[in-house]
Amino acid sequence: NGDKGSVDQVLVSKGAGQPPVWRYANIPFMENSQYKLINTYLKTDQTGITTLSNSVAASSPVTSNLNEDFDPAKWAKITGLSIPVEIKASQNKITYQVQSGVELVNKVAGAGSSVDFICGIFKNDKLVALRPDGIAAIDTAPTQSIFTLNYTEENVPIGNYTVDVACRKISSSDVTNNYFRIGVNIPTYGPTPILTNNSSNAFSLRSLLKIDIAELVTYTN
């Protein structure tokens, strides 16, 4: 009816027998062969991993390989970060971002100790991404560090998956005389006297998992 609309408007149908109307579409227009963000998943956790601490020996081998199976005898999951994910298109990019606080306390005054570990992403209990790291403590003061992992998978098959974050200890300079945590603090430590940890808490060392799913944009004539 002679109404040309305005810049950035699109013509929207109101259904059979009704005149269409101009509307602003607050979405980006995608070119062919670009990737469009389809979904984002995000979870945080303050429970972390406490089962890799003192008296727990390092697991072997030191290295891990992609596609290996989750082994509960070696790996410990951050259960609060488990996310169900649905992949709907075969051409995709799945980006994982993990961040977690790590804490170590040496139990022997005047000495030092260290722990090396691996954290990884498991998809349906298959390892798809991993990164090693380590932390060292001197004397009996709690020491903190931040673990990060960023990884992108391409063209994951269509289907439903459960994504988990898990870690394992791969070496320790002193298995008996240190406390070790991932994603949660050590609230008290000793052996004597028993001290309160005033340098961290569960919130400051919490873990985060973010998953971005992008699909390839394709147009057919």
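Within the 4.5 Å cutoff, the side chain of Lys14 has no heavy atoms near those of the Pro20 side chain. Residues Leu130 and Tyr151 have side chains not in contact (no heavy-atom distance under 4.5 Å, counting atoms from C-beta outward). Put simply, the side chain of Ile121 reaches to within 4.5 Å of the side chain of Leu209, judged on heavy atoms. Annotation: side chain of Phe147 is not in contact with side chain of Cys167 (no heavy-atom distance under 4.5 Å). Side-chain atoms of Val184 and Leu205, non-hydrogen and from C-beta on, never get closer than 4.5 Å to each other. Between Trp75 and Ile118, some side-chain heavy-atom pair lies under the 4.5 Å cut-off. In this structure, the side chains of Asp133 and Ile135 stay at 4.5 Å or more apart for every pair of heavy atoms. Contact check for Ser64 versus Leu127: side-chain heavy atoms found under the 4.5 Å cut-off.
A continuous path of Ile, Leu, Val, Met, Phe, Trp and Tyr side chains, each step under 4.5 Å between heavy atoms, connects Val62 with Phe180, placing both in one hydrophobic cluster. Under the 4.5 Å side-chain heavy-atom criterion for grouping Ile, Leu, Val, Met, Phe, Trp and Tyr, Leu66 is connected to Ile170 within one hydrophobic cluster.
Asp45 places no side-chain N or O within donor-acceptor distance of the main-chain N or O of Gly183, the cut-off being under 3.5 Å. Looking only at distances, a side-chain donor or acceptor of Asn124 sits under 3.5 Å from a matching main-chain atom of Thr162. Here the side chain of Asp139 pairs no donor or acceptor atom with the backbone of Ala141 at under 3.5 angstrom. Listed for the Arg181 side chain is no donor-acceptor partner under 3.5 Å among the backbone atoms of Gly48. Listed for the Lys169 side chain is a donor-acceptor partner under 3.5 Å among the backbone atoms of Ser53. In this structure, Lys107 contributes its side chain and Asn178 its backbone to no donor-acceptor pair below 3.5 Å. Side chain of Asn92 to main chain of Ala89: a donor-acceptor pair is present (N/O by atom type, distance under 3.5 Å, no hydrogens or angles).
Between the side chains of Asn197 and Ser199, at least one donor-acceptor pair of N or O atoms lies under 3.5 Å. Glu103 and Ser200 are linked by a side-chain donor-acceptor pair at a separation below 3.5 angstrom, with hydrogens and angles left out of the test. At a cut-off of 3.5 Å, with distance as the only test, a side-chain donor of Thr152 or Thr95 sits close to an acceptor on the other residue.
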_side-chain hydrogen bond (donor to acceptor under 3.5 Å, both in side chains) between Ser173 and Ser113, intermediate numbers included_ = CA-CA 6 Å; Ser173 63; Ser113 64; 4.7 Å; no
key: Arg168/Ser59 under side-chain hydrogen bond (donor to acceptor under 3.5 Å, both in side chains): CA gap, chis, key distance, verdict   = CA-CA 7 Å; Arg168 68 183 183 94; Ser59 58; 2.8 Å; yes
Applying side-chain contact (heavy atoms from CB on, under 4.5 Å), run through Lys77 and Asp125 and close with a yes or a no. CA-CA 10 Å; Lys77 290 183 179 180; Asp125 283 339; 2.9 Å; yes
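Ile182 contributes atom CD1, which lies 10.5 Å from atom CG of Leu104 (distance to the nearest 0.5 angstrom). Summarising the geometry, atom NZ belonging to Lys123 is positioned 10.0 Å from atom CD1 belonging to Ile211; distances are rounded to the nearest 0.5 Å. To the nearest 0.5 angstrom, Ile146 atom CD1 is 7.5 Å from Ser100 atom OG. Taken to the nearest 0.5 Å, the OG atom of Ser6 stands 7.5 Å off from the CG atom of Asp3.
The local environment of CD1 in Ile138 is sparse, with at most 12 non-hydrogen atoms from other residues, nucleotides or ligands closer than 6.0 Å.
Screening Glu154, Glu153, Glu215 for a salt bridge (charged side-chain N to carboxylate O under 4.0 Å, His left out) involving Lys93 leaves a single residue, Glu154. Of the residues Ile213, Ile94, Val128, the one that meets the side-chain contact (heavy atoms from CB on, under 4.5 Å) test with Val156 is Ile94.
Grouped with Leu11 in one hydrophobic cluster are Trp22, the linkage being side-chain heavy-atom contacts under 4.5 Å among Ile, Leu, Val, Met, Phe, Trp and Tyr residues. Hydrophobic cluster membership for Leu42: Leu208 (Ile, Leu, Val, Met, Phe, Trp, Tyr linked by side-chain heavy atoms under 4.5 Å, directly or transitively). Connectivity analysis of hydrophobic side chains (ILVMFWY, heavy atoms under 4.5 Å, direct or indirect) links Ile186 to Val105, Tyr179, Tyr189, Leu195.
Identified under the salt bridge (charged side-chain N to carboxylate O under 4.0 Å, His left out) test for residues 49-75, with sequence neighbours left out: Asp69-Lys126. Counting only residues at least two apart or in different chains, salt bridge (charged side-chain N to carboxylate O under 4.0 Å, His left out) contacts with residues 188-213 comprise Lys210-Asp212.
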Could you pull out every donor-acceptor pair under 3.5 Å between side chains of residues 78-88 and any protein atom, sequence neighbours left out?
{"from": "Ser82", "atom 1": "OG", "to": "Asp164", "atom 2": "OD1", "distance (Å)": "2.9"}

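Ring-plane geometry between Phe70 and Phe122 is classed as perpendicular, the angle between the planes exceeding 60 degrees on a 0 to 90 degree scale with a lower cut at 30.
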